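The first residue in the sequence is number 1, and the count goes up from there. If you're wondering where the values come from, they're calculated on a predicted model, not measured in any experiment.
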Amino acid sequence: MSGPSVQPATLPGKPLLSVLQGKVPAVPPMWLMRQAGRYLPEYRALRAQKGGFLELVYDSAAAAEVTLQPLRRFGFDGAILFSDILIVPYAMGQDLWFETGEGPRLAPTLDATDLSALVPDFTRFDAVYETVRQVKAALDPSVTFLGFAGSPWTIATYMVAGQGSKDQGAARRLAYGDPARFGAIIDAIVDATVTYLCGQIDAGVEAVQLFDSWAGSLSPLQFERWVIEPNARIVRKLKALHPDIPVIGFPKGAGAKLAAYARGTGVDAVGVDETVDPHWAHQALPKGLPVQGNLDPLALIAGGDAMRQAVDSIRGAFAGRPHIFNLGHGILPDTPIDHVDALISYVRQRESL
């Protein structure tokens, strides 16, 4: 793994971890979802060298390098493990590959195949754990190291259909038409996810995030059954084994269901996507619950006054509440690097509202 240890320009101690524990600093700590990725030329160069995304994930030294790249450039308060949410179904026995220009593929698909046909191989997690160990050894002590996994509903949508889709129709049809079968898939994902996250924690991550990228596609009753309940089980199981590790839940698209998610899952912090009014979120979410987000990634691309006005609104809405400044979703590949620099400077140089 090349490059020096990361030296972030942040507050003393671990600012991000302290917010997850309920502290309210004058300046919110920062990291950006997908901060290690295609908007960085150093990432593009390394991926081209390795030949593909999965090859990069499974080369632990390279994956550790990618995790550290944005820390070197920007000095964020959090490092997010470089991996992919579909490592879980891969370890559960589905083949995983990435089609150029098309995205990930899983086989066999569970719309036509029974779960019992899969042969789990949890050694497929081992390279990720090695990435964690290498990153941990290189991080400045003030940086909080975040692990992650996909939430069961989102992972199930890929396992059932074999790929992403606009409306997650295949998984939704199976959930309505055969809830027992779909529930068995969810149960298996819950167990595999707990195993995966515990392995990340044992290797050195200090907090974990659950990404439910497709939570917004479900009706309220289905949301309760396939988003809130499975995530609550993961949180309970993790807390029984690692009571001091904070869990961030990010149900993208939850909208008005966000408050029920926060209360029902027991997460330590909740991610707020860019479509949610931060002033509403502050009023609706449990008092004192840490929040993360919710700058529109396109406001970051726009930069200038549009970005600064959005930052001011978010900071004002969450004043007095533990808050991690982040995007409402992942940073986009065409984001200008100087806009990221400008965002960091603006957030960190402003006094508390």
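A302 and A306 get closest at one heavy-atom pair: CB-CB, 4.3 Å. T113 and P108 make their closest contact through OG1-CB, 3.5 Å (heavy atoms, listed as atom of the first residue, atom of the second, distance). Here the closest non-hydrogen pair linking T109 and V160 is CB-O, 3.4 Å. Across every non-hydrogen atom of F76 and P70, the tightest pair is CD1-O, 3.9 Å. Closest heavy-atom contact between L118 and P120: O-CD, 3.5 Å. When all heavy atoms of A64 and T131 are compared, the closest pair comes out as N-CG2, 3.6 Å.
I301 belongs to a hydrophobic cluster whose remaining members, ordered by chain and number, are L298, L332; membership requires side-chain heavy atoms of ILVMFWY residues under 4.5 Å apart, directly or through intermediates.
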(message) I'd like to know whether V132 forms a side chain to side chain contact (heavy atoms under 4.5 Å, CB included) with D202, so could you lay out the CA-CA distance, the side-chain angles of the two residues, the decisive distance to 0.1 Å, and finally the verdict.
(response) CA-CA 9 Å; V132 173; D202 290 339; over 6 Å; no

(message) For a side chain to side chain contact (heavy atoms under 4.5 Å, CB included) check, start with the C-alpha distance between V88 and M92, then their side-chain angles and the critical distance, and finish with the verdict.
(response) CA-CA 6 Å; V88 165; M92 291 173 66; 3.8 Å; yes

(message) Run E65 and R72 through salt bridge (Lys or Arg N to Asp or Glu O under 4.0 Å) and show every step you take.
(response) CA-CA 10 Å; E65 169 64 18; R72 294 196 188 100; 3.0 Å; yes

(request) List the steps and the verdict of side chain to side chain contact (heavy atoms under 4.5 Å, CB included) for I80 and M33. (result) CA-CA 8 Å; I80 180 74; M33 285 182 278; over 6 Å; no

(request) Could you walk me through whether D77 and V143 pass the side chain to side chain contact (heavy atoms under 4.5 Å, CB included) test, one step at a time? (result) CA-CA 5 Å; D77 299 293; V143 175; over 6 Å; no

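In this structure, Q209 and L146 have side chains that are not in contact, with every pair of non-hydrogen atoms separated by 4.5 Å or more. Between L40 and V66, every side-chain heavy-atom pair lies at or beyond the 4.5 Å cut-off. The shortest distance between side-chain heavy atoms of F182 and L110 does not fall below 4.5 Å. Between F148 and L197 there is no side-chain heavy-atom pair separated by less than 4.5 Å. Looking only at side-chain heavy atoms (C-beta outward), N326 and L32 come within less than 4.5 Å of each other. Side-chain contact check for L295 versus F325: some heavy-atom pair is nearer than 4.5 Å. In this structure the side chain of P104 never reaches within 4.5 angstrom of the side chain of Q163, judged on heavy atoms. Residues W153 and L218 form a side-chain contact, since some pair of their non-hydrogen atoms from C-beta on lies under 4.5 Å apart.
With values rounded to the nearest 0.5 angstrom, T195 atom OG1 is found 9.0 Å from K237 atom NZ. For the atom pair Q283 CD and D277 CG, the distance stands at 10.0 Å (nearest 0.5 Å). To the nearest 0.5 angstrom, E274 atom CD is 10.0 Å from I314 atom CD1. The distance from atom CD1 of I186 to atom CD1 of I155, rounded to the nearest 0.5 Å, is 9.5 Å. Note that the CG atom of L289 and the NE2 atom of H323 stand 12.0 Å from one another [nearest 0.5 Å]. The CD atom of Q134 lies 9.5 Å from the CG atom of L68; values are rounded to the nearest 0.5 Å.
A donor-acceptor contact closer than 3.5 angstrom links the side chains of Y346 and D312. Q168 and S217 share a donor-acceptor pair across their side chains, judged by distance under 3.5 Å alone.
The environment of NZ in K136 is crowded: more than 12 heavy-atom neighbours from other residues, nucleotides or ligands sit within 6.0 Å. Sparse packing is recorded around CZ of R38, with 12 or fewer heavy atoms of other residues, nucleotides or ligands lying under 6.0 Å away.
At least one donor-acceptor pair closer than 3.5 Å links the side chain of R124 to the backbone N or O of Y90. Put simply, the side chain of D84 never gets that close to the backbone of L54: no donor and acceptor are under 3.5 Å apart. A donor-acceptor pair under 3.5 Å is absent between the side-chain atoms of T157 and the main chain of A171, judged by distance alone. No side-chain donor-acceptor contact under 3.5 Å links T144 to the backbone of G78. Remark: side-chain polar atoms of R321 are paired, donor with acceptor, to backbone N or O of H282 under 3.5 angstrom. Between the side chain of D59 and the backbone N or O of A62, at least one donor-acceptor pair lies under 3.5 Å. In this structure a side-chain-to-backbone donor-acceptor pair under 3.5 Å is missing from T67 to L81. Judged by distance alone, with hydrogens and angles left aside, the side-chain atoms of S313 form no donor-acceptor pair with the main-chain N or O of Q309 at under 3.5 Å. Not one N or O on the side chain of D268 forms a donor-acceptor pair closer than 3.5 Å with the backbone of L20. Using modelled atom types, one side-chain atom of R172 and one backbone atom of D167 make a donor-acceptor pair closer than 3.5 Å.
Applying the ring pair (Phe, Tyr, Trp, His ring centres under 6.0 Å) criterion to F145, with sequence neighbours excluded, gives no partner residue. Contacts of H329 classified as ring pair (Phe, Tyr, Trp, His ring centres under 6.0 Å), with partners at least two apart in sequence or in another chain: none. In this structure, the salt bridge (charged side-chain N to carboxylate O under 4.0 Å, His left out) partners of D305, at least two apart in sequence or on a different chain, are R308. The ring pair (Phe, Tyr, Trp, His ring centres under 6.0 Å) check on F82 picks up Y43, F53, with sequence neighbours excluded.
Remark: D212 does not engage K252 in a salt bridge, criterion side-chain N to carboxylate O under 4.0 Å. Ionic pairing of D178 and R173 is not present here: no N-O contact between side-chain nitrogen and carboxylate oxygen is shorter than 4.0 angstrom. Between E206 and K14 there is a salt bridge, since a side-chain N of the basic residue sits under 4.0 Å from a carboxylate O of the acidic one. Look at R73 and E42 and you find a salt bridge, because one of the NZ, NE, NH1 or NH2 atoms lies within 4.0 Å of a carboxylate O, short of that distance.
Using the six-membered ring where Trp is involved, F211 and F250 have ring planes that are perpendicular, over 60° apart on the 30 and 60° scheme. Using bins of under 30°, 30° to 60° and over 60° for the plane-to-plane angle, the ring pair Y158/W214 lands in the tilted bin. The aromatic rings of F125 and F122 sit parallel, their planes meeting at an angle under 30°, below the 60° perpendicular limit.
Residue pairs meeting the side-chain hydrogen bond (donor to acceptor under 3.5 Å, both in side chains) criterion with at least one member in residues 17-35, sequence neighbours excluded, are W31-Q292.
Following chains of ILVMFWY side-chain contacts shorter than 4.5 Å, one cannot reach Y176 starting from V227, and the two form parts of different hydrophobic clusters. In the hydrophobic clustering of ILVMFWY residues, with side-chain heavy atoms under 4.5 Å counting as a link, V19 and I344 come out together.
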